[in-house]
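We number each residue from 1, following the sequence as shown.
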Amino acid sequence: MRIVLQKAKGASVSVQKEVVGSIDRGYVLLVGITHEDTEADADYLADKIAGLRIFEDENNKMNLSLEDVEGDILSISQFTLYADTRKGRRPNFMAAAKPDQAQKLYRYFNDRLRSKGFRVETGQFGEMMEVSLINDGPVTLILESNNK
């Protein structure tokens, strides 16, 4: 699994001009899933994200977690994170998991985050979405389950 995490002051996702998910302070997660990913990968990344300390404390040090600041999560499925652009000009998406496999693991991942006490908003799997956010910092991290 590959996740682009952005610390946000606010974010929303829309499908056909209708907002289907929104958060105030928290994380926007762009979630990519490949063929070899398993529930163990989702568990690892959910644990990692829950424990990250990237919010500033009273001394402006990145020392607080999402739980500490009572933040929320906006999770967006994004198969394009597994694009292969080495050849030609059009990306190849063969490394992305098939939709049925990806959707099942994506739901599992979001449920793992919810089980840790976070409010998790999502887009709509497989739909064209528009994501708006105010990146806080900006802070953007790339997390991969194969880098345990």
Side-chain angles (χ1 to χ4, degrees), residues 1-16 18-55 62 64-148:
M1 288 179 72
R2 182 175 292 156
I3 295 176
V4 175
L5 178 152
Q6 295 179 297
K7 187 172 77 165
K9 290 184 177 182
S12 65
V13 59
S14 299
V15 175
Q16 297 180 2
E18 180 181 333
V19 174
V20 296
S22 66
I23 63 166
D24 291 322
R25 188 177 198 190
Y27 296 151
V28 173
L29 306 179
L30 305 176
V31 181
I33 298 170
T34 191
H35 305 287
E36 297 84 27
D37 290 334
T38 66
E39 289 180 356
D41 294 290
D43 292 342
Y44 168 77
L45 288 172
D47 290 344
K48 177 65 77 175
I49 289 164
L52 282 175
R53 297 184 318 170
I54 62 173
F55 289 93
M62 285 186 176
L64 301 176
S65 70
L66 187 64
E67 181 180 13
D68 294 332
V69 300
E70 298 178 354
D72 298 318
I73 295 171
L74 179 60
S75 175
I76 309 294
S77 63
Q78 189 162 357
F79 74 94
T80 60
L81 290 178
Y82 280 100
D84 182 348
T85 59
R86 291 177 291 180
K87 291 184 180 180
R89 304 245 184 242
R90 187 174 12 187
N92 174 325
F93 300 107
M94 297 302 291
K98 299 288 185 208
D100 56 337
Q101 175 194 1
Q103 186 173 27
K104 182 179 177 186
L105 194 54
Y106 173 68
R107 284 182 178 159
Y108 176 86
F109 170 72
N110 290 327
D111 287 343
R112 288 286 295 147
L113 291 169
R114 288 182 184 106
S115 75
K116 295 176 179 303
F118 298 113
R119 183 174 74 91
V120 179
E121 295 278 307
T122 65
Q124 291 179 355
F125 189 92
E127 295 291 329
M128 291 294 294
M129 295 175 272
E130 294 180 358
V131 180
S132 299
L133 79 128
I134 301 170
N135 191 317
D136 185 10
V139 175
T140 302
L141 305 174
I142 299 172
L143 307 169
E144 295 192 75
S145 59
N146 65 354
N147 289 337
K148 297 177 196 165

- Query: Atom CG of Asn110 and atom OG1 of Thr122: how far apart are they, to the nearest 0.5 Å?
  - Reply: 6.5 Å

- Message: Minimum heavy-atom separation for Gly123 and Val20, please, with both atom names.
- Response: CA-CG2, 4.0 Å

- Item | For Val31 against Ser75, the heavy-atom pair lying closest together | CG2-OG, 3.7 Å

- Query: Could you state the interatomic distance from CD1 (Ile3) to CD1 (Ile76), rounded to the nearest 0.5 Å?
  - Reply: 12.0 Å

- Note on the structure: Contacts satisfying salt bridge (charged side-chain N to carboxylate O under 4.0 Å, His left out) that involve residues 102-111 (not counting sequence neighbours) are Asp111-Arg114

Let me have the donor-acceptor pairs involving side chains of residues 126-138, under 3.5 Å, with sequence neighbours excluded, atom names and distances please.
residue: Asn135; atom: OD1; partner: Val139; partner atom: N; Å: 3.0
residue: Asn135; atom: ND2; partner: Thr140; partner atom: OG1; Å: 3.2

- Heavy-atom side-chain proximity of Leu45 to Leu29 below 4.5 angstrom: no

- Query: Does any non-hydrogen side-chain atom of Ile49 lie less than 4.5 Å from one of Phe118?
  - Reply: no

- Decide yes or no for Leu5 and Ile54: does some side-chain heavy atom of the first lie under 4.5 Å from some side-chain heavy atom of the second? yes

- Query: Of all heavy-atom pairs between Leu105 and Ala42, which one has the smallest distance, and what is that distance?
  - Reply: CD1-CB, 4.0 Å

- Item | Considering all heavy atoms, the nearest Ala97-Ala102 contact | CB-CB, 4.0 Å

- To the nearest 0.5 Å, what is the distance between CG (Leu141) and NZ (Lys48)? 10.5 Å

- Note on the structure: Sorted by chain and residue number, the ring-ring contact (aromatic ring centres under 6.0 Å, His included) partners of Phe109 (sequence neighbours excluded) come out as none

- Item | Rounded distance (nearest 0.5 Å) linking atom OG1 of Thr38 with atom CE of Met1 | 9.5 Å

- Message: Does anything in residues 66-87 form a salt bridge (charged side-chain N to carboxylate O under 4.0 Å, His left out)? List the pairs, not counting sequence neighbours.
- Response: Asp72-Arg119, Asp84-Arg86

- Item | Nearest heavy-atom neighbours spanning Leu81 and Gly32 | CD1-N, 3.5 Å

- Distance col, row Leu143:CG vs Leu52:CG, nearest 0.5 angstrom, shows 6.0 Å

- Item | Minimal non-hydrogen separation, Val28 against Ala11, with atom names | CG2-CB, 3.3 Å

- Query: Pairs in or reaching into residues 74-103: which pass ring-ring contact (aromatic ring centres under 6.0 Å, His included), with residues at least two apart or in two chains?
  - Reply: Phe79-Phe93

- Query: Can you list every salt bridge (charged side-chain N to carboxylate O under 4.0 Å, His left out) pair that touches residues 20-43, not counting sequence neighbours?
  - Reply: Asp41-Lys148, Asp43-Arg112

- Task: To the nearest 0.5 Å, tell me how far Thr34 OG1 sits from Met94 CE.
- Result: 10.5 Å

